[in-house]
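The next block holds one structure in the form of structure tokens; read it before the comments.
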Amino acid sequence: MAKALKKQALGRGLSALLKDPENDIKSVEDTNADKVVGNIIELDLEAIEINPFQPRTNFNEETLKELAISIRELGVIQPITVRKIDFNKYQLISGERRLRASKIAGLTTIPAYIRLANDNESLVMALVENIQRHDLDPIEVALSYQRLIDEIQLTQEQMSERVGKKRSTITNYLRLLRLDPIIQTGIRDGFISMGHGRALINIEDHDAQTDIYHKIIIENLSVRETEALVKAYQEGVTENSDKEAPKKKFSYTISENQKKVFTDFFGAKVDVKIAANGKGKISVPFHSAEDLDRILKLLEK
């Protein structure tokens, strides 16, 4: 809790710094720019405008409301990213769903990363330095890796060289961001370890993830016990799927117009039958040897 309050206070302090007209930070060369690059800052929602070139225009209202409920309970886990366009004015780069949901949740500020002019290399240095600290929780490390991918377009191989970590290690951290937000918060708050999180990632259903997460906490399960629980869950899902999955039926009927195509071609009333498994049979009647020769010649053309 003290750690969270410290971060929040820092973010608000930097926010006040950015609102000082005598200290308008526009690029990495300005005074105090080093305090902004790579840090989380609390920004007023009203100071942020949507990027007009945002390719995504449709947002599901139901999922936005669900995210808003999560934000009310847990806060914004992953900060948005904005770029400074003027004094106390910012344009959204990424995180529009989080921004919209925060407004629905009734928040007035949101944690954000601020991009400044010519800050690419400074940001890389700040993030790499941040990742190499020892007091970061696994989710904070994962978010830093994700920023290097999203904002600097570094590949995992390039990140591996920059931060001195194996590519597999980076991949394992990034996979944590696929966990339900409640579980990510649990890792950040120390209720479960990264090992628990890595086991839970193997379950795609977020409801099942959170059910097992609560069981881990209530029963104080170890990582090994969690892995066994996840394995048992997956085997149960597979077994039920094999037993209960209905056989697919082939649903197709031939229309009268389609039958007429056959009839016109062969000059005879053709019978078409289709079975439930998709297999079928076309029967072409003939009334004499001459009639059969006629049909065969049609097929030879």
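Listed for the Ser70 side chain is no donor-acceptor partner under 3.5 Å among the backbone atoms of Glu66. Ser160 places a side-chain N or O within donor-acceptor distance of the main-chain N or O of Lys165, the cut-off being under 3.5 Å. Between the side chain of Gln91 and the backbone N or O of Ile50 there is no donor-acceptor pair closer than 3.5 Å. When atom types are taken as modelled, the side chain of Arg188 and the backbone of Ile77 share a donor-acceptor pair closer than 3.5 angstrom. Remark: side-chain polar atoms of Asp44 are not paired, donor with acceptor, to backbone N or O of Glu46 under 3.5 angstrom. For the pair Glu225 (side chain) and Ser222 (backbone), a donor-acceptor distance under 3.5 Å is present.
Separating the CD1 atom in Ile217 from the NE2 atom in His196 is a distance of 9.5 Å, to the nearest 0.5 Å. Atom CD1 of residue Ile85 and atom NZ of residue Lys26 lie 12.0 Å apart, to the nearest 0.5 angstrom. Between the CD1 atom in Ile192 and the CD1 atom in Ile187 there is a gap of 4.5 Å [rounded to 0.5 Å]. Note that CD1 of Ile48 and CG of Asn88 are 9.5 Å apart. Values are rounded to the nearest 0.5 Å.
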Practice item. Any chance you could lay out the side-chain contact (heavy atoms from CB on, under 4.5 Å) test for Ile131 and Leu148, step after step, and finish with the verdict? Key: CA-CA 11 Å; Ile131 290 168; Leu148 286 168; 3.9 Å; yes

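Proximity of Glu42 to Ile110: side-chain heavy atoms (C-beta onward) are nowhere separated by under 4.5 Å. Thr155 has its side chain within reach of Gln158: a pair of non-hydrogen atoms, C-beta onward, lies under 4.5 Å apart. The shortest side-chain heavy-atom distance between Ile114 and Arg83 does not fall under the 4.5 Å cut-off. Two residues are said to be in side-chain contact when any heavy atoms from C-beta on lie closer than 4.5 Å; Leu45 and Thr109 fail this criterion. Between Arg115 and Val37 there is no side-chain heavy-atom pair separated by less than 4.5 Å.
Taking the charged nitrogens against the carboxylate oxygens, Lys89 and Glu49 have no contact shorter than 4.0 Å, which rules out a salt bridge.
Contacts classified as ring-ring contact (aromatic ring centres under 6.0 Å, His included) and involving residues 67-115 (residues at least two apart or in different chains) are not found.
Among residues two or more places apart in sequence or in another chain, the salt bridge (Lys or Arg N to Asp or Glu O under 4.0 Å) test is passed with Glu227 by none. Listed by chain and number, the residues in a ring pair (Phe, Tyr, Trp, His ring centres under 6.0 Å) with Tyr213 amount to none (sequence neighbours excluded).
Under the 4.5 Å side-chain heavy-atom criterion for Ile, Leu, Val, Met, Phe, Trp and Tyr, Ile203 and Leu177 are members of the same hydrophobic cluster. Tyr145 and Val128 end up in the same hydrophobic cluster when Ile, Leu, Val, Met, Phe, Trp and Tyr side chains are linked at under 4.5 Å.
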